[in-house]
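This report concerns only the one structure given below.
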Amino acid sequence: MRHVVICILTAMLSVALARTAHAEPKRVLVLHSYGQNFKPWRDYAVALRQEFERQSRWPIDVQDFSVVTARFDDKSVETQFVEYLGALFAHGAPDLIVAIGAPAALFVQQHRAGLFPSVPMVLTAVEERRVRQSALTDNDAVVAVKQDLPALFANILRLRPETKTVAVVIGDSPNERFWLSEFRREIEPTLSNVKMVFWNDKSFPDILKQAATLPPNSAIFWVQLQVDGTGAVHEGERALKHIHDVANAPIFSYDESFFGGETVGGPMTSAAKSGHKTAEVALRILGGEKPDDIKTPTLEYGPPRYDWRQLQRWNIPESRLPPDSEVEFRPPTAWAPYRWQISLIAAVILLQAALISILVHERRRRLLAEVQARQRSAELAHINRFTMAGELTASIAHELNQPLGAILTNAESAALMLKSDTPDLKELREIVEDIRRDDSRASEVIIRLRSLLKKAPFEQRDLDLNQVARETIEFLQPLATARDVELDPGIAAGALPIRGDRVQLQQVIMNLIVNAIDAISGAAGPKRRIGLRTARVGEFAEIGVCDNGPGILLDRFDKVFEPFFTTKPQGMGMGLAIARTIVEAHHGRIAAENKAEGGAVFRIILPLAAPGRGRS
Ligand code: ADP
């Protein structure tokens with residue numbers, strides 16, 4: 001493997017060395033129009049040089065000369081210029097001549113015979129009608145561009161249909177005069193409602209004045225201003241910039257070298273495209289191909305391009321632009337420079353939104369589950385009450401039988417008394433009163449039983465815990481009596497205001513008392529007592545149920561609150577589990593412990609309702 005790599009590297013090195021060894025520089029004589037810095041050709045020359053760099057196999061030795069005579073009519077000195085070039089290259093002719101722009105093209109065609117006739121030549125950046133086809137030799141190649149003057153004017157009227165005047169900026173050198181006549185010939189007759197004015201004979205200050213005071217609905221068409229009406233020469237882009245600074249109308253043009261600041265845009269010729277093509281043609285000739293054989297189609301306008309800043313400045317809506325056009329120099333939106341940051345923030349926000357919606361969904365599910373759990377525990381509590389009621393049946397029956405039996409006995413006594421001729425009305429009244437009292441006792445038992453067994457949803461109300469405790473004791477009193485257990489209520493003075501569900505809290509207390517009765521019933525102590533205490537403890541109401549039974553026979557007291565934990569043969573082990581659920585639904589706590597003197601104590605604390613808080 002290593003051997004193969006070394007072989008490849010050696011081969012690459014030798015190819016590179018061979019190329020440089022054989023790569024003799026090619027000498028290219030470049031002839032500029034007017035001077036090296038005149039637009040638009042300067043941009044064409046720069047593009048050509050860049051393309052040489054990119055495309056050439058050889059080093060290219062570019063030697064620049066300018067056809068300065070293009071500025072004026074007197075061509076008499078051109079012969080000396082040709083001789084000068086001949087003398088310069090006396091030691092060896094260049095490998096190629098490149099003429100950039102129409103004036104240079106005219107010059108080389110004019111002097112072809114004296115200008116290294118055997119050296120191939122490329123005419124570039126020249127409009128096709130500026131090439132004298134008849135004067136082309138088979139040693140010449142052409143990379144021409146085409147100026148479609150009607151299309152350029154159609155562009156102005158498309159963007160500004162209200163245009164009434166088009167001022168054409170053009171100078172007074174021979175090449176500029178040619179184009180002046182072309183505009184007059186090709187465009188002027190086609191415009192019915194638009195007046196054309198030419199500033200070819202004006203001084204530059206006059207041109208600036210005119211540009212600043214054009215009538216409304218005017219446009220300026222910039223061709224070129226190389227030599228103005230007074231003979232002053234304008235190199236580079238200063239003239240266009242000045243006009244742009246003062247002009248009261250938009251400026252249009254035809255070449256991308258004027259695009260990017262002062263002109264609105266439209267269809268245009270491209271220096272980059274021409275430079276690329278010209279370098280390609282030149283290098284093929286330098287490689288040995290015959291110039292005559294290289295036919296290059298005339299370069300035409302690319303898709304129209306517009307400067308967004310100019311469109312804004314002159315209120316030109318984008319809807320007026322041709323469909324295939326491109327708008328450049330738009331101010332970058334926040335998106336362009338901060339694409340990654342914005343994407344990241346958007347992703348984070350989306351992620352957050354997704355998380356939030358998941359959490360909201362989860363929360364809703366949890367609430368639903370809580371409601372369902374509460375319903376289930378209410379149902380379970382209800383079942384538990386039923387079970388308890390079953391256990392209480394005997395005492396309830398006894399509780400009912402007592403008043404009912406008394407009623408019967410009283411009713412029979414009353415009936416006997418009524419049979420006598422002189423019934424004792426006073427006694428009868430007392431008997432009826434007894435009957436009424438016993439009846440209401442019986443109905444009270446039934447009402448309590450019904451309230452215990454009713455299936456009601458969890459309902460928070462303002463309650464007095466003392467009252468709830470009293471009602472529960474009353475309810476369980478018969479059972480306690482039947483089981484020979486003494487209930488010792490120690491209810492705190494005043495009220496213990498809490499918020500809660502009366503039936504469920506009754507159930508909890510009842511559970512504790514019944515458990516205590518069960519625990520004591522098995523014990524063999526002389527006095528079986530269950531104490532019930534209520535009290536305020538800080539912000540809480542407390543209720544405790546204690547017994548003197550055997551206590552909880554476990555190492556962990558909280559085990560008794562686990563579902564299905566029971567030590568009773570018939571037990572379900574749900575009573576205390578439900579009690580804890582109910583107490584916690586009331587934001588309270590329940591705990592169990594054994595007393596030192598024996599027996600168990602269960603304590604519940606519940607938050608006092610707001611008005612009672614803080615009082616103890
Ligand atoms: P169950 O009464 O059906 O057994 P509970 O949940 O009400 O179900 O009680 C669970 C267990 O807690 C009882 O079986 C018992 O062992 C114990 N326990 C409850 N109260 C007392 C108490 N006062 N003294 C001793 N143990 C008790």
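First listed ligand is number 1; within each ligand, the first listed atom is number 1.
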Between Glu262 and Lys241, does any NZ, NE, NH1 or NH2 come within less than 4.0 Å of an OD or OE carboxylate oxygen? yes
Check: Phe259 ring centre within less than 6.0 Å of Phe329 ring centre: yes
Strictly below 4.0 Å, N to O, side chains only: are Lys426 and Asp424 in salt-bridge contact? no
With the threshold set at 4.0 Å, does a side-chain nitrogen-carboxylate oxygen contact exist between Asp488 and Arg533? yes
Near ligand 1 (heavy atom, under 4.0 angstrom), the protein residues are Asn511, Asn515, Ala516, Ala519, Asp547, Gly551, Ile552, Val560, Phe565, Thr566, Thr567, Lys568, Gly571, Met572, Gly573, Met574, Gly575, Leu576, Ala600, Phe602
Do Glu593 and Arg603 meet the salt-bridge criterion of a basic N to acidic O distance under 4.0 Å? yes
Salt bridge present between Glu370 and Arg366 (N-O < 4.0 angstrom): yes
